[in-house]
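None of the values given here were measured: they were computed from a predicted structure. For the numbers below, each heavy atom of this structure counts, side chains included, while hydrogens, waters and symmetry mates do not.
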Amino acid sequence: MPPAEFIERWSKSGGAEIANSQSFLIELCKLLDVPQPEPTRPDEESNTYVFEKAVKLNNGDGTTSDGRIDLYRQGSFVLESKQGTEKREAEQDALLAEKSKHKKQRKGHAERGSSHWVLVMNRARKQAERYTQAIPGEWPPFLVIVDVGHCMHLYADFSLSGKSYVPFPDPLSYQIWLKDLDREDTRERLRNIWVEPLALDPSKIAARATRELAAKLAELAKRLEKSHEPKVVADFLMRCLFTMFVEDMEIGGFQIGDFTRLLQDCSGQVENFVPMVEDLWRDMNTGVKFSGLLRKHIRQFNGGLFEDCTALPVTQDQLDLLIESSEAKWNDVEPAIFGTLLERALSVTERHKLGAHYTPRAYVERLVMPTIIEPLREEWATAYAAAAAYFEAGKKQDAIDTVTNFHQKLCDILILDPACGSGNFLYVSLELMKRLEGEVLNARWVLSSSISEATRLRASGMPPAEP
């Protein structure tokens, strides 16, 4: 079935998830060209890819209860339809009977885009997290929360600890709307979640990209240090790396390829490198309404990095290394490389070991996750549950205050790294805390909103004017 036909077909499903969930997922598997769920077998251990996977849930009081996962694929995901949460609050047959009794158009369990709809989706996420705890010997890397015919929410925990499922790839783009299935990159993301989920681990992608770039930079630094002091070389490379990073992140007026094209224009005419790059860095230091080099407005980068805009003369071989580095996808590179480069500049004995000395993010997270992030996420789960309870009881301001108080506490936390060298542990801590902050701010926005034009735009995949 072509993507456009799939989207058209399921956009008319009307929110009747109970009747449509399995049919939707089977057709989604066909669209993605991935294996379809298998029949359930009497031997529960052999049910590794099935609908309604039976599990025993820990009730927290020494007792257990029966649960069923809407769709489970071993080593890949736990999938929960939002109806799965609410259907457990009342018998499914009674719910269907009630819907038949009142002959009205089906609207699902909450008006899409409303605050209640968001809470229902979050309850489905919490239910999916409970299910992961009930699967013996495994923590699936993904949670997939589905509103049939409307959207999917993705959460990932690549540590496979089950303690920190976070929006994937980030709090701004973890939602996949039905219309997004028309895009090949969206279908490829879902395809990987089904068949090769760990290939999406950003830390592995970043570590690989960072190691490759670190090797190039170490070689370039070695060559430049034959003519210049290591500190001068390190400062020059820091400015180059930062400019490469901002062009790929499209910060401050830069667009992808701006700096790379400038470097390429110098190829074969390396005498132009110094004046062109120094002019660009002067523009970045002050900000200009119109940069003659880039032919656009450049905002000021006021951190002091470009107060010294000195560019070192380079040979064609050295320029080639810079161009290769700039052509890399810097949004796949760990920003922690900047700290590593800085430490390298300050340590003569380590200055040629950039590639070997870079600490992979996975190693950093082994310390940061249990000491900082997991306790904070446990506190956030408690705060969010309390806020949701206030909201559903009609105490909207109490709900908002609960989330606001947690956010203030999060902002007030100080992180100490007594052995701080490159700052990589501090950077990773900050990045993970900012991800959590994104979830907190999003929750506060939801609780502050009613069914309004803003929430309707959000439900359709368009961001509100003032999130």
To the nearest 0.5 Å, tell me how far [X] [atom1] sits from [Y] [atom2].
X	Y	atom1	atom2	answer
M238	L241	CE	CG	7.5 Å
L200	L190	CG	CG	9.5 Å
L154	L79	CG	CG	9.5 Å
T371	R366	OG1	CZ	14.0 Å
M276	C266	CE	SG	4.5 Å
T404	K409	OG1	NZ	15.0 Å

Determine, for [X] against [Y], whether the closest basic-nitrogen to carboxylate-oxygen distance falls under 4.0 angstrom.
X	Y	result
E27	K30	no
D235	K231	yes
K222	E219	no
E129	R377	no
R123	E80	no

For [X], is the [atom1] atom crowded, meaning more than 12 foreign heavy atoms sit under 6.0 Å from it?
X	atom1	value
K296	NZ	yes
E196	CD	no
D33	CG	no
E138	CD	yes

Just so I know, are the side chains of [X] and [Y] near enough to count as touching, which here means a heavy-atom distance under 4.5 Å?
X	Y	result
L436	I373	no
P167	R435	no
S173	D170	yes
I413	L376	yes
F254	T243	yes
E188	N192	yes
W177	M152	no
R239	V277	no

Look only at the side chain of [X] and the backbone of [Y], and say whether a donor-acceptor pair between them is shorter than 3.5 Å.
X	Y	result
R282	C309	no
R187	D182	yes
Q318	L220	no
S76	W194	yes
W330	F242	no
E247	T260	yes
N405	D401	yes
R299	G287	no
D201	L198	no
H153	V144	no

Distance-only side-chain donor-acceptor flag, [X] / [Y], under 3.5 Å:
X	Y	answer
W139	S159	no
Y131	Q127	yes
D308	T310	yes

* Carefully, step by step, assess L181 and L28 under the rule side-chain contact (heavy atoms from CB on, under 4.5 Å). => CA-CA 10 Å; L181 293 174; L28 178 63; 4.2 Å; yes
Nearest atoms (heavy-atom pairs only) where [X] meets [Y]:
X	Y	answer
L224	V314	CD2-CG1, 4.5 Å
P370	E365	CD-O, 3.8 Å
P140	Y72	CG-CE1, 4.4 Å
S81	V148	OG-CG2, 4.3 Å
S326	L263	CB-CD1, 3.8 Å
I372	S429	CD1-OG, 3.5 Å

* Asked: Does the pair R125 and E439 meet the rule for a salt bridge (Lys or Arg N to Asp or Glu O under 4.0 Å), with working shown?
  -> CA-CA 13 Å; R125 172 191 176 181; E439 296 180 50; 3.5 Å; yes
* Using 30° and 60° as the class limits, which term best fits the ring planes of F301 and F306: parallel, tilted or perpendicular? -> perpendicular
* To do: Show the numbers, then the answer: is there a side-chain contact (heavy atoms from CB on, under 4.5 Å) between F290 and H297?
  => CA-CA 5 Å; F290 183 81; H297 169 59; over 6 Å; no
* Given side-chain contact (heavy atoms from CB on, under 4.5 Å), test W10 with N20 step by step and report yes or no. => CA-CA 9 Å; W10 285 102; N20 290 332; 3.7 Å; yes
* Asked: Which is it for S291 and D283 under the side-chain hydrogen bond (donor to acceptor under 3.5 Å, both in side chains) test, yes or no, and what are the steps along the way?
  -> CA-CA 7 Å; S291 168; D283 289 346; 3.2 Å; yes
* To do: Determine, step by step, whether L280 and D258 satisfy the side-chain contact (heavy atoms from CB on, under 4.5 Å) criterion, reporting the C-alpha distance in whole Å, the side-chain angles of both residues, the deciding distance to 0.1 Å, and the verdict.
  => CA-CA 11 Å; L280 175 64; D258 282 345; over 6 Å; no
* Criterion ring-ring contact (aromatic ring centres under 6.0 Å, His included) against F142, the qualifying member of Y155, Y165, F168, F77 ->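 Testing each of Y155, Y165, F168, F77 against F142, the sole residue satisfying ring-ring contact (aromatic ring centres under 6.0 Å, His included) is F168.
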